[in-house]
Novice: 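Quick one: this structure, given as C-alpha cells, is what I'll be asking you about.
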Amino acid sequence: MSKSPSAEKMEFDLLIIGAGPAGLAAAIRAAQLAQEKQKTIHIAVIEKAAAVGEQILSGAVIEPRALDELIPQWRELGAPLHTAATSDHFLFLTEKKSFRLPTPPPMKNPGNYLISLELLCQWLANYATQLGILIFPGFAATEILYRDGQVCGVATGDKGLDKNGQPGSLFQSGIELYAKQTFFAEGCRGYLTQQLFDRFHLRQHCDPQTYGLGIKELWEIPPDVDQLGKVTHTIGWPLDKATYGGSFIYHLAENRVAIGFVVGLDYENPYLNPYEEFQRFKMHPTIYPLLEKGKRLGYGARALNEGGFQSIPKLSFPGGLLIGCGAGFLNVPKIKGIHNAMKSGMVAAESIFSSLSGITEGECQAFSQNLRASWVWKDLYPVRNIRPALRWGLWPGLIYSALDTYLLRGRAPWTLSNLVDYNRLKKAAEVKPISYPKPDQRVSFDLMSSVYLANIHHQEDQPCHLKLKKPEEAIEINYREYASPETRYCPAGVYEILHSSDQLPFLHINSPNCIHCKACDIKDPRQNIVWTPPEGGSGPQYESM
C-alpha cells in the first residue's frame with residue numbers, strides 16, 4: 001500500500017489527478033455541494049505541470065453549457081471567454097485550390113466561444129482556490145496506491161534523481177496522497193489511467209480507443225487579414241484520400257490566430273510525418289496569405305481521443321472514477337470536448353458526494369448511470385458512426401456522414417466499430433516514401449525551431465521517462481521493417497536513428513525534447529514505447545495556447 005515508510009503522507013476526502021477542465025470542474029462542483037449542504041470536505045487537485053494550464057493544449061472552441069451550469073455568473077466574474085464565434089467556413093482543399101462546402105450541423109458554432117484552454121483552466125483554478133480547494137502544481141502522480149484491492153490514492157514521483165535514478169544533491173522524495181475517493185482526470189492516454197484499464201478490465205466491453213495527433217501554432221497577424229471570431233476547418237490536401245485529418249483556423253482577440261492540423265493515428269504509411277503535413281498545409285494558396293506577414297508565437301502538440309461513444313470504458317472501479325478526456329468524451333464531428341469533459345467531472349462529484357464517508361462499488365457505479373442520463377450521452381450517441389466511417393476513405397466517409405447526419409439523423413440501427421491504431425501501419429517496403437518540401441522559415445519552419453517555441457523545461461540529468469519494453473525491437477522491428485516511424489510521428493524530434501562507430505544503427509531518445517503529446521505511446525507498431533511522467537514540472541510551458 002505505502003510507497004515508503006518514511007514518505008510524507010497527506011489525507012483528503014476527494015483527490016483529483018489533473019487540473020484540466022474535467023478535474024477542476026469536479027473539484028468546484030464538489031466544493032459547491034459542500035457549501036450547499038454545510039458540510040466540510042477536503043479536496044485536493046494535483047497537476048504535473050509547473051503551473052495550471054501550462055501543459056494543456058486544445059484548439060479551442062468551447063460550447064459553454066457546462067460552464068453555464070457550473071458557474072452561471074461566469075460572464076460577470078470575467079471568465080476568459082472573450083471571442084464569440086461569428087462565422088463558420090468548411091473548405092475542401094486540392095493542392096492549388098479550395099472549395100467551400102456546406103458546414104455540417106455538428107460543426108456549426110452559434111453561441112460558442114474561441115478560447116485559450118490554458119487561460120480558462122487558470123481562471124477555473126483561481127475560482128477553485130477561493131472555494132478552499134487545494135491545488136498542487138508541479139507534482140506528477142507516478143503510482144497508484146491500493147488498500148485491500150481498492151484505490152486509496154496516489155504517490156507522486158521523486159524529484160532530483162540523476163539519469164541513473166539515484167538521488168542527487170537536490171533530491172526530494174515523493175509524497176503519498178490518500179483519499180476516500182480518487183478521480184483520474186489525466187487527459188488523453190494518461191499513464192495511471194492506462195494501468196487502471198488493465199487492473200480493473202475497464203475496456204473489456206467497449207471498442208478500442210482510436211486517436212488523432214493535433215499540432216497547433218499560435219500566430220499574431222496584421223489587422224487587415226484578421227476576422228475576429230471566424231472559424232475555419234479544412235479537409236483534403238495535403239493528406240491522401242486514405243488518411244483521416246484536417247485543419248482548424250480560429251481568429252482570436254488581439255489579432256491572434258490559432259491554427260492547427262490533426263492527423264488520425266490510424267494512418268498506414270510509416271513515412272507520413274504529421275508535423276511536415278502541417279507545414280505543407282500552411283503553404284496552400286488559401287492559407288499562406290493569412291500568415292505571410294504574421295509572427296509565430298507558440299507551438300505545441302497533443303494526442304486526442306477520437307473513439308467517441310463506442311470506445312467509452314467502464315468509468316468506475318473500487319475507490320475511484322475516470323473523468324474527462326482520459327475516458328474519451330470528445331465529440332469528433334463537433335471538434336469539441338471541453339463541455340463534455342467538464343460535465344463528466346460535475347456528474348462525478350454529484351454522484352459520489354453523499355457517500356464520501358464510505359464509498360462502495362455500487363455507489364461508484366451510480367456515476368455511469370448518471371452520466372448516461374445526462375446530455376453527454378445525448379451529445380455523443382448520434383455522431384458515433386462518423387469517425388469510424390472515415391476509415392473507408394475520404395469520399396465514402398463523407399458520403400456516409402452526410403447520410404447519417406441529414407437522413408438518419410444519428411438514429412442508424414447499427415454502430416460501426418473502432419479499431420486500434422498501431423497495427424494499421426504497413427511495412428516500409430509496401431509503400432512509397434513521402435518527400436516533403438524544405439521550410440521557407442516564414443510560414444513553414446524546421447522542427448527544432450518549432451520545439452523551441454514550446455518553451456520546454458526539463459532537467460537534462462533526470463532519468464529518461466520514455467521506456468522501451470524491448471530495446472532490441474527499436475532496430476529489429478521498427479528500423480528494419482517500418483523505417484523507424486517514431487522519427488517522423490513524434491512532433492518534437494525526440495527519436496533519432498544514429499550509427500555507432502562500427503556503423504550499426506541505434507535509437508537515440510532525446511527525452512528533454514518531449515512535449516508530452518503521447519503519440520509514441522499510441523502509434524508504436526509493437527506498443528514497445530511507454531510514456532511515463534517525468535519529474536513534476538518538467539515538459540512544455542505553453543503561453544496562452
Side-chain angles (χ1 to χ4, degrees), residues 1-4 7 9-18 20 22-23 25-27 29-30 33-34 39 41-46 139-157 174-187 189-206 209 311-329 341 343-374 376-377 532-533:
M1 179 187 74
S2 178
K3 177 180 178 181
S4 168
K9 298 173 177 61
M10 302 177 71
E11 294 192 8
F12 304 94
D13 295 302
L14 176 60
L15 175 63
I16 299 171
I17 316 305
R29 185 67 189 123
L33 289 168
K39 180 179 179 181
I41 62 170
H42 301 285
I43 306 169
V45 182
I46 64 170
F139 288 89
T142 60
E143 181 183 349
I144 303 171
L145 301 177
Y146 298 93
R147 181 187 294 120
D148 299 327
Q150 175 170 310
V151 173
C152 62
V154 301
T156 66
I175 301 171
E176 294 178 2
L177 305 166
Y178 293 92
K180 298 171 183 175
Q181 182 74 69
T182 305
F183 290 177
F184 290 82
E186 294 182 288
R189 198 73 175 196
Y191 173 66
L192 298 183
T193 302
Q194 294 298 114
Q195 296 177 31
L196 292 169
F197 286 158
D198 294 337
R199 183 180 181 105
F200 294 108
H201 309 292
L202 302 180
R203 302 204 62 84
Q204 190 171 11
H205 300 294
C206 68
Q209 187 58 260
S311 293
I312 296 174
K314 183 181 179 184
L315 301 171
S316 63
F317 46 87
L321 302 174
L322 299 179
I323 60 174
C325 287
F329 298 122
K343 182 64 172 179
S344 73
M346 295 156 61
V347 174
E350 293 163 353
S351 299
I352 59 85
F353 181 80
S354 63
S355 55
L356 274 178
S357 59
I359 299 299
T360 68
E361 172 67 8
E363 290 166 328
C364 288
Q365 196 67 33
F367 170 52
S368 296
Q369 298 167 357
N370 294 340
L371 199 63
R372 287 177 181 273
S374 76
V376 173
W377 241 242
T532 68

Novice: Are Pro318 and Tyr146 close enough that some pair of their side-chain heavy atoms sits under 4.5 Å apart?
Specialist: no
Novice: Looking only at heavy atoms, what is the nearest atom pair of Pro313 and Leu322, with distance?
Specialist: CG-CD1, 4.2 Å
Novice: What residues, two or more places apart in sequence or in another chain, satisfy side-chain contact (heavy atoms from CB on, under 4.5 Å) together with Phe329?
Specialist: Ile312, Leu315, Ala327, Asn340, Ser344, Leu371, Val376, Trp377, Leu380
Novice: Just wondering, do Glu143 and Leu145 contact through their side chains at under 4.5 Å, heavy atoms?
Specialist: yes
Novice: Taking all atoms of both residues into account, what is the closest heavy-atom pair of Pro533 and Tyr191, and its distance?
Specialist: CD-CD2, 3.3 Å
Novice: Using 0.5 Å steps for rounding, measure from the CG atom of Leu192 to the CZ atom of Phe197.
Specialist: 11.5 Å
Novice: To the nearest 0.5 Å, what is the distance between CG (Leu196) and NZ (Lys314)?
Specialist: 12.0 Å
Novice: Shortest non-hydrogen contact from Gly153 to Leu15?
Specialist: CA-CD2, 4.3 Å
Novice: Considering all heavy atoms of both residues, which atom of Gln181 and which atom of Ile352 are nearest to each other, and what is their separation?
Specialist: OE1-CG2, 3.8 Å
Novice: Do Gln194 and Arg189 have side chains that approach each other closer than 4.5 Å (heavy atoms only, starting at C-beta)?
Specialist: yes
Novice: When the ring planes of Phe317 and Phe184 are compared, do they come out parallel, tilted or perpendicular, using 30° and 60° as the limits?
Specialist: tilted
Novice: Distance from Thr156 atom OG1 to Glu176 atom CD, nearest 0.5 Å?
Specialist: 9.0 Å
Novice: Using the salt bridge (Lys or Arg N to Asp or Glu O under 4.0 Å) criterion, which residues pair with Arg29? Sequence neighbours excluded.
Specialist: Glu36, Glu350
Novice: Among Ile144, Leu177, Thr182, Ile323, which residue meets the side-chain contact (heavy atoms from CB on, under 4.5 Å) test with Ile17?
Specialist: Thr182
Novice: Please find the pair of heavy atoms, one from Ala349 and one from Ala30, that lie closest to each other, and give the distance.
Specialist: CB-N, 3.7 Å
Novice: Decide side chain to side chain contact (heavy atoms under 4.5 Å, CB included) for Gln209 and Arg203; before the verdict, give the C-alpha distance in whole Å, the side-chain angles of both, and the deciding distance to 0.1 Å.
Specialist: CA-CA 9 Å; Gln209 187 58 260; Arg203 302 204 62 84; 3.9 Å; yes
Novice: Which residues pass the side-chain contact (heavy atoms from CB on, under 4.5 Å) test with Ala27, not counting sequence neighbours?
Specialist: Ile16, Ile43, Val45, Ile133
Novice: Closer than 3.5 angstrom, by distance alone: can the side chain of Glu186 be matched with the main-chain N or O of Thr193 as a donor-acceptor pair?
Specialist: yes
Novice: Report the distance from atom CG of Asp13 to atom NZ of Lys180, rounding to the nearest 0.5 Å.
Specialist: 4.0 Å
Novice: Locate the shortest heavy-atom distance separating Cys206 from Ser311; write the atom from each residue and the value.
Specialist: SG-O, 3.9 Å
